[in-house]
Amino acid sequence: RVRDAQEAGQSGIFAVTRTGDLSQSYTAYFTLGGTGMPGSDYEPISTSVTFLEGEATTYVGITPISNPVEGTKTVILTFSANGGGTATID
């Protein structure tokens, strides 16, 4: 996690880093979990992230939807093993 999201319009950011051969582009797939729900707590996002050739780190943004009644929510990205490298979140 690079930055937490806030309802005042600040997106949360996950830094996603891959290791291994960087000479080719690579798409990492993930599922979304946590207590936050896409569409009601944060804007829906894609469940994949693509690294360009030579790129070791890319970012996933989470934009919260204002809901003053509810408390703090979490978003968890869980990556699947799809070969070609390893992606981790920070």
Side-chain angles (χ1 to χ4, degrees):
R1 180 186 78 229
V2 174
R3 181 175 70 204
D4 288 335
Q6 298 177 7
E7 286 190 5
Q10 178 174 307
S11 294
I13 300 174
F14 289 97
V16 183
T17 303
R18 70 170 173 161
T19 59
D21 182 5
L22 304 181
S23 67
Q24 297 183 25
S25 63
Y26 172 70
T27 301
Y29 299 91
F30 57 88
T31 57
L32 295 166
T35 59
M37 298 299 295
S40 61
D41 295 310
Y42 59 92
E43 296 292 334
I45 64 169
S46 171
T47 55
S48 67
V49 61
T50 299
F51 296 86
L52 301 177
E53 180 180 318
E55 187 175 48
T57 301
T58 192
Y59 301 90
V60 175
I62 304 293
T63 302
I65 296 173
S66 183
N67 187 340
V69 177
E70 296 186 15
T72 301
K73 300 291 183 167
T74 61
V75 178
I76 299 170
L77 280 60
T78 303
F79 286 84
S80 60
N82 60 325
T86 301
T88 58
I89 59 172
D90 179 19

**OP:** Give a yes or no answer on whether the side chain of Thr74 reaches the backbone of Thr35 with a donor-acceptor pair at less than 3.5 Å.
**Re:** yes
Original post:
Counting distance only, does the side-chain N/O of Arg18 pair as donor-acceptor with the main-chain N or O of Thr58 below 3.5 Å?
Top reply: no
Looking at [X] and [Y], what are the two nearest heavy atoms and their distance?
{"X": "Pro64", "Y": "Ser11", "value": "CD-CA, 4.1 Å"}
{"X": "Tyr29", "Y": "Ser48", "value": "CD2-CB, 3.5 Å"}
{"X": "Pro44", "Y": "Pro38", "value": "CA-CB, 4.2 Å"}

**OP:** Would you please name every residue forming a side-chain hydrogen bond (donor to acceptor under 3.5 Å, both in side chains) with Ser23, sequence neighbours left out?
**Re:** Asp21
Subject >> Any residue meeting side-chain hydrogen bond (donor to acceptor under 3.5 Å, both in side chains) with Thr57, in chain and number order, not counting sequence neighbours >> reply: Thr17
Original post:
Rounded to the nearest 0.5 Å, how far apart are CZ of Phe30 and CG of Leu77?
Top reply: 4.5 Å
Subject >> Euclidean distance, Thr63 OG1 relative to Asp41 CG, rounded to 0.5 Å >> reply: 13.0 Å
Original post:
Can you hop from Ile45 to Phe51 via hydrophobic side chains spaced under 4.5 Å?
Top reply: yes
Subject >> Hydrophobic cluster membership, Val16 vs Leu32, 4.5 Å side-chain cutoff >> reply: yes
**OP:** Side-chain contact test, heavy atoms from C-beta onward, threshold under 4.5 Å: evaluate it for Ile65 versus Glu43 and give yes or no.
**Re:** yes
